Amino acid sequence: MEDQSVDEFEDQYSSQVIEEEDLFFDDPSFDQDDNNHFEDGESAALFAQAVAQHNQLSTHAQDKDDEIQGQAQEVSEETLRNRLAGASAHKAGLDSLDKDRVNQIIYEASKGSAFFENEQKKDHALTKRIDEMLQRYDQIKDLDLTLEQSIVDHKIRELEESRDLTQAICHLDMDAFYASVEELDDPSLKDVPMAVGGMSMLCTSNYLARKSGVRSGMPGFIAIKLCPSLKMIPLHFPKYRAASAKVRDIFKKYDPDFLPMSLDEAYLNLTKYLTTTDLSPAEVVEQIRNEIFESTRLTASAGIAANRMIAKVCSDINKPNGQYFLPSEPEAIMEFTKNLSIRKVPGVGRVTQRVLEALGVKTCGDIYGRRALLYRLLSPISFNFMLKSYLGLGSTSLSSESSRKSMSVERTFNPISDRAALRQKVDQLSELLAQDLAKDGLRGKTVSIKLKLTSFTVRARAKTFPSYISSSKDIARIAKDLLEKELPVNIRLMGIRMSTLKPQANEDQGVKKYFSVVTNKIINDDDGNSNNYTPMKRPRPDDIESGTINDTSIDTDTEMQGTSSRPVLMDLICPICNRQLQMDNPQFNYHVDECLTKVTVKAILQEQDHQGMEVIGSGEDSNNSSTSSSCNSENGHTSNHSRKRMGTSNRQLRDKARIKSLLDYYS
DNA sequence: GGGTCCGTCGTGG
DNA sequence: TTCCACCACGACGGACCC
Ligand SMILES: Cc1cn([C@H]2C[C@H](O)[C@@H](COP(=O)(O)OP(=O)(O)OP(=O)(O)O)O2)c(=O)[nH]c1=O
Ligand SMILES: [Mg+2]
């Protein structure tokens with residue numbers, strides 16, 4: 001439908017940068033697409049970050065020796081092979097092909113290249129990080145973690161109460177999208193292994209090629225070694241956009257507020273539509289997929305579930321031209337996640353999987369048994385994410401209100417080190433970026449450049465300006481300043497990004513800069529997003545937003561026990577207040593919950609103020625990263641000795657500090 | 001003790 | 001012959017400023 005796609009076909013850029021062989025990326029219409037990202041409102045887990053950032057500079061390790069080294073070497077090749085195999089290698093289940101053979105071919109084809117060396121470096125770094133995390137694990141594995149257990153269980157109950165099963169969310173995903181579209185125009189492609197992309201990179205492949213191990217993100221020259229008869233087709237974005245538009249027209253009929261994630265993917269909330277029909281959710285989705293096929297002759301796969309996270313997982317289960325319905329019942333969902341590989345959870349990638357595996361977590365169900373350890377080792381955000389994965393929780397709303405945060409262009413070319421040539425690249429890229437910005441009527445304050453050296457190491461530099469800019473000249477000037485400081489370099493890729501964006505105030509383009517500065521300030525504060533977000537940054541209140549004003553649960557006595565009132569009294573000691581209590585389990589849980597309210601913590605904090613703070617500071621020592629994140633201004637490696645200084649009561653203080661930090665994040 | 005900016009990493013399509 | 005894309009986002013630590 002929307003034929004705004006064809007817009008302009010003038011592309012002065014193609015000739016020099018993009019080589020003749022793989023010119024598929026120089027299509028002017030290669031504006032990826034209108035992505036939405038924000039996977040489920042809080043999207044990716046990314047908890048490997050917590051560990052990753054830690055030893056940025058603490059490298060050059062002197063410690064550790066042959067035994068661990070030896071170990072690392074053993075696994076090294078294995079993990080590296082996995083890494084080289086690529087992201088989408090894991091996903092596809094139905095292979096019936098020799099995975100080892102495929103990995104071997106990829107490994108052999110890569111060995112010795114600069115790319116390979118770089119991957120090897122990254123893999124070693126990851127192995128090292130995991131080793132260090134395992135050392136932290138060793139330190140705490142024998143400790144008494146009942147307190148952590150209680151805190152985590154409290155959090156789990158909280159999350160369970162927040163479970164929303166009222167919505168019918170559907171994730172729809174076209175099968176081998178680009179490849180399938182190409183097969184429409186040339187049906188003979190259906191009968192041969194085929195991939196879309198070029199010699200340097202494939203974007204996707206048809207299912208015949210996948211049988212040979214050819215997948216998204218694989219370079220074409222390696223794919224050919226894997227499958228010599230592979231037919232490669234260059235990209236044709238206008239066709240994909242046209243097909244996507246047809247599909248979206250159908251989505252619109254079932255949910256006018258559907259949320260497109262990419263050209264070939266979208267979430268639909270079918271709740272409202274289901275009230276207008278007698279059909280079951282699965283039948284409705286069958287109908288949608290039939291309509292898609294009638295309209296485009298393309299097949300789609302779908303998952304139907306209570307929230308976005310599990311719906312997306314479900315859409316992959318019967319992938320080629322199939323669908324999966326997961327009943328919106330707690331038991332069904334828990335059964336589903338129990339044996340679900342953690343890797344299937346959107347946001348858990350190759351690295352996170354490796355880290356979790358080292359901690360004994362392979363499936364979402366494994367998380368529960370490791371919850372206390374994970375609580376100690378992961379960042380609060382990551383840990384929260386893991387709990388939600390275990391419980392099968394996710395966003396149930398499709399609110400897409402999200403303005404773009406950045407816009408960028410980048411190009412790979414034959415290595416350049418000549419200064420004049422580099423500056424010319426800046427000019428070309430700046431021009432492209434300025435065009436894209438103009439298309440969306442955007443300006444920005446921050447310009448960053450990205451340089452990928454011939455060694456494949458990446459360097460990024462940024463500069464923020466006091467005023468908003470958008471012209472190619474302004475962009476190029478700043479980018480060149482940034483570039484000068486990096487010379488000399490020999491690079492294979494250059495990129496330029498604009499961020500700190502702001503929509504062009506009016507539609508008139510010829511803005512006077514000086515005025516725009518002033519008006520910016522005015523508009524800046526009252527425009528756009530102001531509505532729901534507090535200025536809080538990192539500790540994002542997620543969705544719960546319970547913060548408001550504290551005193552959330554002052555009314556403690558609403559109703560104590562909902563379920564059982566049978567007297568199974570036991571002598572229990574609350575790990576929070578240390579009091580001995582005689583009550584049954586539900587009562588005890590309730591008590592612990594109460595103990596964990598902010599009011600309680602405040603009292604604790606006051607008490608602890610009286611007792612001196614520096615004890616807490618040292619008590620929190622090295623375990624940090626998951627809980628502290630703010631203390632140790634000192635050396636980050638305060639050895640375990642500091643712990644010795646703590647008396648008996650210090651243990652309590654340490655616990656209380658942890659509670660405080662937990663509630664800071666989670667409530 | 002807050003805030004912002006910068007650079008890197010992980011993830012997904 | 002050729003030797004691993006391009007785009008967007010969130011998390012996080014460190015540097016730097018109050
Ligand atoms: C994964 C990936 C996809 N794409 C493009 C090509 C894909 O056709 C399109 C959709 O991505 P996907 O939905 O991930 O893959 P697919 O549709 O080709 O195959 P299937 O869903 O059946 O597993 O996005 C890239 O350009 N780069 C990538 O790394
Ligand atoms: Mg798809």
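Below, chain A is the first sequence line, B the second, and so on; all start at residue 1. Being a predicted model, the structure only gives us computed values, none of them experimental.
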(message) Under a 3.5 Å distance rule, please check whether A:T204 uses its side chain to pair with a backbone N or O of A:Y178 as donor and acceptor.
(response) no

(request) Let me know the distance between CG of A:L263 and P of B:dG12, rounded to the nearest Å. (result) 19 Å

(request) Starting from C1' on C:dC4, measure out to CE on A:M232 and report it in whole angstrom. (result) 13 Å

(request) Among the candidates C:dC6, B:dG13, C:dC4, find the nucleotide nearest to the side-chain atoms of A:E265. (result) B:dG13

(request) Could you tell me whether the side chains of A:S406 and A:S499 share a donor-acceptor contact shorter than 3.5 Å? (result) no

(request) Whole angstrom is fine here: how far is it from NZ in A:K122 over to P in B:dT11? (result) 11 Å

(request) Mind checking ring pair (Phe, Tyr, Trp, His ring centres under 6.0 Å) for A:F116 and listing every partner two or more places apart, or none if nothing turns up? (result) A:Y107

(request) Would you please confirm or rule out a distance under 4.0 Å between OP1 or OP2 of C:dC7 and any side-chain N or O of A:R411? (result) yes

(request) State whether a side-chain donor-acceptor pair under 3.5 Å links A:S382 with A:S379. (result) yes

(message) I want to confirm an ordering. Mapping A:V458 and A:D264 to their closest nucleotides on DNA chain B, which one lands closer to the 5' end?
(response) A:V458

(message) Does A:F456 reach a base, just sugar-phosphate, or nothing at all? Heavy atoms under 4.0 Å.
(response) sugar-phosphate

(request) Classify the nucleic acid contact of A:S408 as base, sugar-phosphate or nothing, counting any heavy atom under 4.0 Å across all strands shown. (result) sugar-phosphate

(message) Whether the A:S315 and A:D173 side chains hold a donor-acceptor pair (N or O, under 3.5 Å, no angle test) is what I'd like checked.
(response) no

(message) Quick check on contacts: within residues 491-500 of chain A, what sits under 4.0 Å from DNA chain C by heavy-atom distance?
(response) A:R492, A:L493

(message) Let me spell it out: for each of A:R83 and A:H171, pick the nucleotide of DNA chain B with the closest heavy atom. Which residue's pick is nearer the 5' end?
(response) A:R83

(request) Using a 4.0 Å heavy-atom cut-off across all strands, classify A:K452 as base, sugar-phosphate, or nothing. (result) sugar-phosphate

(request) Please confirm whether any donor atom in the side chain of A:S113 sits under 3.5 Å from an acceptor in the base of C:dC4, or the reverse. (result) no

(request) Name the closest nucleotide to the A:I381 side chain, picking from C:dC7, C:dA5, C:dA11. (result) C:dA11

(message) Check whether A:K405 reaches the backbone of A:S403 with its side chain - one donor and one acceptor, N or O, closer than 3.5 Å.
(response) yes

(request) In whole angstrom, give the distance that lies between atom CG of A:L202 and atom C1' of C:dC6. (result) 14 Å

(message) Is there a side-chain contact between A:M407 and A:L437 in this structure, where contact means two heavy atoms from C-beta onward sitting under 4.5 Å apart?
(response) yes

(request) Measure from the side-chain heavy atoms of A:K312 and tell me the nearest of C:dC4, B:dG13, C:dA5. (result) B:dG13

(request) On DNA chain C, check which nucleotide each of A:F115 and A:V409 is closest to and give me the residue with the more 5' one. (result) A:F115

(request) Please determine, for the side chain of A:S379, which listed nucleotide (B:dT8, C:dC12, B:dG13) has the closest atom? (result) C:dC12

(request) Quickly work out the A:F413 CZ to C:dC6 P distance and round it to whole Å. (result) 9 Å

(request) With a 3.5 angstrom cut-off on both distances, give the Watson-Crick or G-U wobble partner of C:dC4, or none if there isn't one. (result) none

(request) Quickly work out the A:L433 CG to C:dC7 P distance and round it to whole Å. (result) 10 Å

(request) Go through C:dC12, C:dC4, C:dC9 for me and flag the one nearest to the A:K405 side chain. (result) C:dC9

(message) If only side-chain N and O atoms count, and only distance matters, is there a donor-acceptor pair under 3.5 Å linking A:S430 with A:S472?
(response) no

(message) Measure CG/A:N118 against P/C:dA5 and give the value in whole Å, please.
(response) 11 Å

(request) Tell me which nucleotide among B:dT8, C:dC3, C:dC7 gets nearest to the side chain of A:F221. (result) C:dC3

(request) Look only at the side chain of A:S417 and the backbone of A:N490, and say whether a donor-acceptor pair between them is shorter than 3.5 Å. (result) no

(message) When both hydrogen-bonding distances must be under 3.5 Å and the geometry is Watson-Crick or G-U wobble, what is B:dG3 paired with, if anything?
(response) C:dC16

(request) Remember a base hit wins even if backbone is also touched, and classify A:S448 as base, sugar-phosphate or nothing at under 4.0 Å, heavy atoms. (result) nothing

(message) Has A:T127 got a side-chain atom pairing as donor or acceptor with A:D123's backbone, closer than 3.5 angstrom?
(response) yes

(message) Counting only side-chain heavy atoms from C-beta out, which of C:dC7, B:dC5, B:dT8 sits nearest to A:T464?
(response) B:dC5

(request) Sticking with atom C1', work out how far B:dT11 lies from C:dA5, rounded to a whole angstrom. (result) 16 Å

(message) Using whole Å, what does the distance between atom C1' of nucleotide B:dG13 and atom CG of A:D175 come to?
(response) 15 Å

(request) Could you check which of B:dC9, B:dG13, B:dT11 has an atom nearest any side-chain atom of A:R129? (result) B:dC9

(request) Check every strand shown and say whether A:M218 touches a base, only sugar-phosphate, or nothing at a heavy-atom separation below 4.0 Å. (result) nothing

(message) Nearest to the side chain of A:S262, heavy atoms from C-beta on, is which of C:dC4, B:dG13, C:dC7?
(response) B:dG13

(request) Choose from C:dA5, C:dA8, B:dG12 the nucleotide whose nearest atom is closest to any side-chain atom of A:C203. (result) C:dA5

